Structures are given as structure tokens and as C-alpha cells.
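Bear in mind that the values here come from a model prediction, so they are computed numbers and not experimental data.
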Amino acid sequence: MKQINKYFNLILGLFLVAIAFNLFLLPYNLAAGGVSGLSLILHKIFGINESIFIFLTNLFLLLISYLFLGKNSTQKTIIGSLLFPILIDVTGKISFLIKINDIEVILIAALGGIISGIGYGLIFKSGYTSGGTDIINQIMEKYFHMPISKSIIIIDGLITILSYFTFGFSTMIYSLVSLFLISIFSNKAIIGIGLAKTLYIYSNKIQKIKAYLHEELKIDSTDIECTSGYRNRKNKIILSVIDNKNYYRIKEAIQLLDSEAFIVVTNSYHLANANVSIRK
């Protein structure tokens, strides 16, 4: 069942990326990175069919992956590499069925980036990749010790910037908007939307704050022993996970209990594949 869910995420993710490409990016020449973005530039210059270019390039990159990354890494790339250009070709007529001519280009760029980002997030969540520049990013990480996040910015950003020479400055800016949103929403699709916050509370009135959390709000907490680096003084920090809707209420209450309390706040996520849950 788990493997079926992975394949479902992979196929759905590839389908969403293909839809976004044909419906939003392709008609407006938004080269938002990747082999698909490069295909738009080369189609404009040489008239090369986009799906054929993506297919042939992915085949070449699969060979590169096998030579430099090995069999195991390549196996997780084969399905996405071959299926993605097929889905692009299959969904190629969608722009004729759905007319979006009256929408501002900035909204087109936003929608293309959001839908693509969700699609890529589902692909990465499945444990597979769509091939293309993902292979180059992995090679950069393995042999040049470059973080994948940095490699993505360099390679995809370079492809998007190259679109300036083909499509002009304004189109390049819209493409960068799409690329930025792809990055944001792919991460959101992978880890989900944070519905809770984690509070790290440093205070000289620990017991009063704990009593408020436990007795008034029925929220659990954890004591963390710590030592201050400057004065080498031992103390405790309260760690508590709360609903977003309770954040300001709890923050104001803590400030009333101790005006000198120091609070660090981070977003929290529920990990569905781990034995971890948020107490609500």
C-alpha cells in the first residue's frame, strides 16, 4: 500500500507539472528553470518540439546519472524521466480546451509556479524525481559538495536568466516569479502547511507559566535543562507545541506573567511517516 501511494504521488505530481507547463508556462514562454524551461528557449530559436527535446535530454541525463551516481540513484529517476515528456505531449491540447487569454501575465506566472511547485513537491515526496536538472544537482552535490538548494538556484536560475536573450526582460521577470513560487510550494507540498507552532520559553517564572499552560489551556510542555553560555548559569526552558490560533493569546499571557520572558517561535509540522504527533 505504501508503494502504491508513492506511485500515486509520483504520477499525480508529474501530471500537475505537465498541466502547468502546457496551460501556463508554454503559451507565455515562461522558462522557469529545468529542462522544460530550456526546451522553450530552444523551441523559440530552432523550432525544436518541447516534449521531444525533454525526452531526448532526459535519456542522455539518465546515462550520465548511471555513470556518475550509480544504479540505485538512477532507478529512482527512470520513471519520472520517461513519463514526464509523455505527459507533456498527452496534455499538449489543454490550452485549446481551457482559454485563459484574459488573465494578467503575473497571475499566469503565479498559477504556473504554484501548480508546478505542488507537483514537484508530490514527486519529491514519493522518493522519485522527474529527471532533468535534478540529476545535475545530485552530481554537483556528490562531486563538488555543493548543497542541492544552492545548485538549484544556480542551474535553474541560469536557465531562467538565459530566457532574457530570447523572450525579453519582462518575460524573464515573470519566469523568475514562477521559479520562486515553485521553490516555495514544492517545500509546502513536501512538509505540509504548519498548523502549529513550537514555543521555546525562557523565564524566571517557569512554574507560573507551566501552571497557565497545563491548568488553563490543558496544553502539555517539556522542560529542557540548559546552561547560559555567558554566565554559565543553569536554567530551564519550556518547550510547548500549540495551535496557531492560540499563539497570540499565549504570548500575551506569558508577557503578563513575566514581562522579561524570552520566547523563540518556530513552525511545527506533523510527520505522517513517523511516530510523532502534536498534542492539541
Qualifying residue, where the test is side chain to side chain contact (heavy atoms under 4.5 Å, CB included) with F180 and the options are L176, I184, V177, I182: I184
Check ion pair K197-D243 (N to O, under 4.0 angstrom): no
Are more than 12 heavy atoms, taken from residues, nucleotides or ligands other than Y66, located less than 6.0 Å from that residue's OH atom? no
Would you say that more than 12 heavy atoms from the other residues, nucleotides or ligands in this model lie under 6.0 Å from the CD of E104, or not? no
Evaluate the side-chain proximity of Y128 to T77: yes if any heavy-atom separation is below 4.5 Å, no if none is. no
Heavy-atom distance under 4.5 Å between the side chains of K44 and L40, does that happen here? no
Between the side chains of T74 and S65, is a donor N or O closer than 3.5 angstrom to an acceptor N or O? yes
Could you give the distance from CD1 (I52) to CD1 (I88), rounded to the nearest 0.5 Å? 12.0 Å
Could you tell me how the ring of Y143 sits relative to the ring of F68: parallel (under 30°), tilted (30 to 60°) or perpendicular (over 60°)? perpendicular
Quick check against the 3.5 Å criterion: does S73 have a side-chain atom that pairs as donor or acceptor with the backbone of G70? no
Can you confirm whether K234 sits close enough to E225 that some side-chain heavy atom of one is under 4.5 Å from a side-chain heavy atom of the other? no
Evaluation steps, side chain to side chain contact (heavy atoms under 4.5 Å, CB included), between L162 and M172: CA-CA 8 Å; L162 283 174; M172 182 196 73; over 6 Å; no
Would you say T222 and I238 make side-chain contact, with heavy atoms under 4.5 Å? no
Among the clusters formed by ILVMFWY side chains lying less than 4.5 Å apart, do I86 and Y7 turn up in the same one? no
Could you go step by step and tell me if I237 and V264 meet the side chain to side chain contact (heavy atoms under 4.5 Å, CB included) rule? CA-CA 10 Å; I237 291 177; V264 175; over 6 Å; no
Show me the pairs that pass ring pair (Phe, Tyr, Trp, His ring centres under 6.0 Å) and involve residues 17-57, at least two apart or across chains. none
Any side-chain donor near an acceptor of the partner, T171 and N29, under 3.5 Å: no
Could you verify whether a donor N or O on one side chain and an acceptor N or O on the other, from S151 and N137, lie under 3.5 Å apart? yes
Considering only heavy atoms from C-beta outward, does the side chain of S221 approach that of L239 to under 4.5 Å? no
Return the CG to CG distance between L61 and L69, rounded to the nearest 0.5 Å. 10.5 Å
Are L82 and L59 side-chain neighbours, meaning at least one heavy-atom pair lies under 4.5 Å? yes
Does K142 have more than 12 heavy atoms from other residues, nucleotides or ligands lying within 6.0 Å of its NZ? yes
Can you list the steps and then say if Y247 with I242 is a side chain to side chain contact (heavy atoms under 4.5 Å, CB included)? CA-CA 7 Å; Y247 169 67; I242 64 170; 4.2 Å; yes
Between S175 (side chain) and A31 (backbone), is there a donor-acceptor pair under 3.5 Å? yes
Rounding to 0.5 Å, atoms NZ (K251) and CD1 (I263) come to a distance of 7.0 Å
F185 and Y120, any side-chain heavy atoms less than 4.5 Å apart: no
Is there a side-chain contact between F167 and I41, using heavy atoms and a 4.5 Å cut-off? yes
Could you walk me through whether I219 and I250 pass the side chain to side chain contact (heavy atoms under 4.5 Å, CB included) test, one step at a time? CA-CA 11 Å; I219 295 174; I250 293 173; 3.8 Å; yes
